[in-house]
Amino acid sequence: MPHRTRWRRRQIARGRPGSGGRVCYGPRPMSGQESKAKYKDTVNLPETPFPMRGDLATREPEILKKWDESKLYERIQTARAGAPLFVLHDGPPYSNGHIHYGHILNKILKDIVVKSRTMAGFRTPYVPGWDTHGLPIEQAVERDLGPKRKGMSAAEIRAACRDYAMKYVAIQREEFKRLGVLGDWDQPYLTLDKTYEGAIVRALATFARGGYFYRGKKPVQWCPRDRTALATSEIEYQDISLPSVYVRMPLVEDAQAAWRGKLDPRLEGRRLSLVIWTTTPWTLPSNLAIVAHPTFTYVAFPNRNDAGEYLIVARELAESVATAIGGADLAAAIEITPEQMKTLEGARYQHPFLPRPSITSSGDLDFRLWFADYVTADAGTGLVHTAPGHGPDDYKTGMTIGLPPYAPIDDGARYVPGIALETGARRVELAGKSTEEANPIIVEHLAATGFLLNPPTDNVRTSAAHCWRCKGPIVHRATPQWFIAMDHEGLRQRSLDAIRATKWVPPWGEERIHAMIDNRPDWVLSRQRLWGTPIPAFYCGECRVEHASADTMDHIAEIFDREGADAWWNREVIDLVPPGTKCTGCNAGPDKFEREKDIVDVWFESGVSWLAMARRDTDGKDYGDIDLYLEGSDQHRGWFHSSLLAAMGVKNAAPYHQVITHGFVLDENGIPYSKSSIAKAKSEGKKTSYIEPETVIAKSGTEMFRLWVGATEFRTDITYSQKILDGLGEWYRKLRNTARFLLGNLAADFDPNVHDRKLVTLGIDRYLLARLDDVVARARKAYEAYELHVVHRLLVELVTVDVSALYSDVAKDRLYSDPIDAPSRRAAQVVLYECLRAIATLAAPILCFTAEDIWTHMPKRAGDPDSVHLTAFPEVAAEGASAPIIADFAILLAWRERVTKALEPFRAQKNKSVDAAVTLHPAAAERDVLVQYEAELADLFIVSDVTISSAGDSTVEVAAHTGPRCERCWKHFDTLAADPGDVCERCAAALARRK
RNA sequence: CCGCCCUUAGCUCAGUAGCAGAGCACUUGGCUGAUAACCGAGAGACGGAGGUGCGAUUCCUCCCGGGCGGACCA
């Protein structure tokens with residue numbers, strides 16, 4: 001708590017012996033104090049209703065209500081109608097659950113950017129969005145529905161999903177608004193909007209028209225529990241233990257074997273076995289080939305358990321294989337050169353438990369040795385078990401040779417009927433078994449039949465792909481899916497070029513996304529789910545030909561624009577296709593068509609949000625020309641990635657000009673500050689805790705979150721802790737109190753329409769205005785470069801050093817004691833006003849509530865709007881104009897420090913600094929400057945008299961001023977005014993003015 | 001395993017190849033006409049080890065710690 005230290009300190013002070021009566025809570029002793037306060041009622045003390053404490057938890061909702069009722073966002077847009085456009089496009093958060101700290105960071109950052117761009121003169125619309133389709137919502141709904149789900153139609157389940165999504169849209173909308181984020185909250189974009197669903201299909205139509213869209217059976221990452229394909233962005237890796245098996249695959253020495261007689265003579269008459277290694281024994285029933293590397297050297301060494309057999313592995317790996325299989329006589333190993341290996345190309349081997357000769361439709365291509373250069377020598381045997389239905393590289397090899405993507409498992413990753421292990425008389429049924437159940441069965445079978453070379457209990461720890469939603473292991477499985485071809489019409493290369501043309505902040509993001517696009521496989525668009533937008537394709541019920549024409553998709557897009565994607569399930573097929581549509585294969589009518597059951601990957605949906613925005617062209621303004629995406633750095637593989645590909649396909653340009661990323665929110669121990677990460681760290685025995693944002697907000701409001709975001713360098717990971725918030729709270733109070741002081745000296749009698757910079761003559765006043773211009777110019781630049789923490793630093797320095805410690809202290813004399821309308825006092829007020837205005841406006845994007853509060857209490861110029869967020873940042877006078885005064889004051893302020901220091905012992909003797917008369921002994925070089933400002937030095941140093949000597953050792957001499965003291969302003973003079981006799985001339989005049 | 005980023009005082013941030021700065025926190029003095037305020041003073045830091053420089057917090061290499069991302073690892 002911010003106040004605790006303060007209180008403790010006071011209590012300690014009270015209890016300390018000898019601390020005397022100075023710290024006490026009772027009435028102060030009256031004697032002797034009265035004369036001090038004699039003229040108190042005649043000085044112009046600050047006065048303002050602006051409270052010392054923010055009381056943000058109650059004050060913020062009031063301000064929000066005012067903004068809401070006065071339609072502030074709409075008024076800002078109207079006010080900027082003719083201004084240049086700056087579009088920050090909102091990345092849609094997923095609409096389930098309450099918001100967390102990552103959302104808070106992201107949304108506040110965006111809001112600060114939007115507000116600062118607005119105040120820099122741009123029209124900056126902000127349309128928030130939500131990602132509302134997809135698996136997590138569907139799963140949550142299924143869980144909530146329980147057994148009821150069985151009897152429900154697709155339309156009914158989709159309706160439940162919609163309700164669920166919209167519930168959280170409503171919740172998150174309120175939570176985001178509570179952060180002070182201004183935007184078009186009444187008309188957000190939602191991926192479940194009818195027109196958005198139309199845009200998705202329209203984008204697909206463009207891909208189809210361009211020939212990128214195809215259906216293929218190839219291995220995709222498949223989650224057997226969620227029963228759907230997954231994109232690379234939906235995969236995470238976890239360390240798990242997998243069985244490790246070395247399996248011998250005996251070469252068949254039949255009449256056609258080309259290698260006979262071509263190998264080392266010592267191998268003549270020996271039986272040879274290829275040795276493969278795998279950690280996924282369950283894929284062995286799908287093995288169709290073994291692949292070797294074209295340039296590796298291999299060796300054959302005797303099998304210890306079978307005198308007549310030699311085992312073949314890569315030479316590089318022979319030793320590790322020997323170790324794994326319990327030892328081998330490598331001294332007897334015989335080399336097989338790459339050239340000799342070549343003669344083995346196409347050599348047949350005997351599959352350990354599939355006795356039949358071939359399962360390919362294309363003839364006799366399976367169970368042979370082939371070559372590929374993706375084989376590595378860092379693990380395994382250099383001979384790769386290849387199952388084209390269960391791995392991307394395997395698939396590639398299969399395509400080259402003509403092997404099918406054979407994957408005899410169903411949606412739940414269980415073997416289909418007819419799959420069994422058969423070796424001689426030993427037969428083990430696999431049908432119905434899951435891949436995990438199959439692993440030990442297969443290992444046991446291999447061991448029992450002599451094909452396994454290593455102990456059946458061996459396993460390895462490795463990181464393996466898992467589903468990011470259900471966290472379970474996933475499999476590679478070939479199934480028919482819709483894809484976007486990355487290398488059609490140069491899509492990949494054009495995307496890479498577009499990355500180069502985009503500005504990435506911080507710059508390393510460019511390489512990251514470049515490498516990802518460079519390496520990624522074709523985009524799997526199909527999801528075997530309900531809650532989303534259907535893939536708008538059909539199959540002819542007569543001849544099975546696919547129908548995925550662009551024209552048909554455009555037609556469907558129009559229907560979706562009006563009715564939403566529900567039309568896909570609610571309408572007859574004949575009502576979904578353009579009139580006159582016929583099967584291109586057999587000329588059957590659409591009444592014979594069956595519709596595609598899969599939906600579109602949600603990453604494709606959010607990837608076309610820029611298109612949905614462009615279509616929101618209701619007022620003739622192009623929201624689709626987007627300047628900036630601003631998200632967490634994880635979106636390089638997510639939304640930045642999918643948006644880029646979608647935009648390259650649809651309009652052949654990146655959807656953004658600039659992409660900025662922020663880091664993750666970590667706690668003080670460096671653990672990601674999310675509920676799950678913190679819980680995990682806690683379960684591992686680390687000392688940590690998580691406080692819900694709602695709890696913090698209810699107690700202290702959201703302005704501190706905004707300050708946290710504004711003060712922190714967000715491009716790297718950023719730390720959140722209560723301690724940091726408390727520290728920022730201290731600064732916040734300083735800012736608030738300084739503003740309060742400024743307001744107090746302005747509110748009652750200052751009119752900015754009458755009093756302006758023309759009144760300013762004194763050096764200190766000119767210096768402050770110069771400093772102010774400097775800060776304004778730098779802050780504007782910092783906002784432009786999104787360096788919010790720099791803005792924060794500038795504000796801190798301005799407020800603490802220049803305004804509070806220096807200027808307020810120095811100007812108090814004029815403000816309090818001058819006649820109300822004395823030009824010198826007005827000049828000080830002008831300076832205060834300029835400072836206050838600059839502070840309020842520069843702070844407004846960050847401290848949106850407090851700046852508004854200040855603005856409301858401030859005297860206004862004619863034409864000033866009622867909200868600070870409708871104003872612009874201050875303009876800066878010509879650059880460089882302030883250099884001379886800044887240089888002069890560098891010298892004067894150094895002297896001020898010397899004087900203050902020299903006054904320490906003087907003040908320790910119960911004197912005040914105004915009781916002093918000081919003599920300066922400047923070096924010759926500085927003397928002129930001091931003399932130039934001689935008249936105002938006493939006030940600058942807050943003493944009663946300054947003498948400049950001609951000695952030059954840069955020291956300061958302090959003496960008590962011997963003249964009488966003015967009882968009103970407490971400064972000493974050689975003589976006082978005649979009437980009344982105890983005040984100075986200036987104060988006498990001020991008193992006279994009051995009558 | 002690979003790649004990228006980060007590491008300056010208790011906290012948040014500056015900064016530079018040449019005595020390391022600010023604000024807050026801390027210790028401490030003062031004021032009581034900004035008072036649950038305000039004005040001073042003090043103490044406190046370049047993650048570690050090498051290297052190249054007359055000189056390194058700054059440039060290079062490696063390591064520790066933290067984060068993010070990638071991976072066909074059969």
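So you know, we letter chains A, B, ... as the sequences are listed, proteins then strands, and number each from 1. All values derive from a computational prediction rather than experimental measurement.
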(request) Just call it for A:R512: base, sugar-phosphate, or nothing, with non-hydrogen atoms closer than 4.0 Å on any strand. (result) base
(message) By the 4.0 Å heavy-atom rule, please label A:S808 as base, sugar-phosphate, or nothing.
(response) base
(message) Side-chain N or O of A:K734 versus OP1/OP2 of B:C38: is the shortest distance under 4.0 Å?
(response) yes
(message) Partner lookup for B:A34, please. Criteria are Watson-Crick or G-U wobble with both distances under 3.5 angstrom; report none if nothing qualifies.
(response) none
(request) Could you tell me how the ring of A:F50 sits relative to the ring of A:H857: parallel (under 30°), tilted (30 to 60°) or perpendicular (over 60°)? (result) perpendicular
(request) Give A:S913 one of three labels, base, sugar-phosphate or nothing, depending on what nucleic acid heavy atoms sit under 4.0 Å from its own. (result) nothing
(request) Ignoring backbone atoms, test whether A:K912 places a side-chain nitrogen or oxygen under 4.0 Å from the OP1 or OP2 oxygen of B:C31. (result) no
(message) Under a 4.0 Å threshold between the charged nitrogen and the carboxylate oxygen, would A:E787 count as salt-bridged to A:R778?
(response) no
(message) Considering every strand and a 4.0 Å limit on heavy-atom distances, what is the contact class for A:W731: base, sugar-phosphate, or nothing?
(response) nothing
(request) Mind checking A:V384 for me? I need base, sugar-phosphate or nothing, with any heavy atom below 4.0 Å counting as a touch. (result) base
(message) Between A:D982 and A:K38, does any side-chain N to carboxylate O distance fall below 4.0 Å?
(response) yes
(request) From the options B:G30, B:G33, B:G23, select the nucleotide whose nearest atom is closest to the side chain of A:T800. (result) B:G23
(message) Side chain of A:M516, heavy atoms from C-beta onward: which of B:U32, B:G30, B:G69 has the nearest atom to it?
(response) B:G69
(request) Return no unless some side-chain N or O of A:R793 is found under 4.0 Å from OP1 or OP2 of B:G21. (result) no
(request) Taking only the side-chain nitrogens and oxygens of A:K812, find out if one of them lies under 4.0 Å from OP1 or OP2 of B:C39. (result) no
(request) Would you mind telling me which of A:R986, A:R994, A:R825 makes a salt bridge (Lys or Arg N to Asp or Glu O under 4.0 Å) with A:D818? (result) A:R986
(message) In this structure, is the centre-to-centre distance between the rings of A:H641 and A:W603 below 6.0 Å?
(response) no
(message) Without decimals, in angstroms, what is the distance between A:I513 CD1 and B:C4 P?
(response) 18 Å
(request) Quick one: label A:P672 by what it contacts on the DNA or RNA (base, sugar-phosphate, nothing), any heavy atom closer than 4.0 Å. (result) sugar-phosphate
(request) State whether A:T712 places a side-chain N or O below 4.0 Å from either non-bridging phosphate oxygen (OP1 or OP2) of B:C13. (result) yes
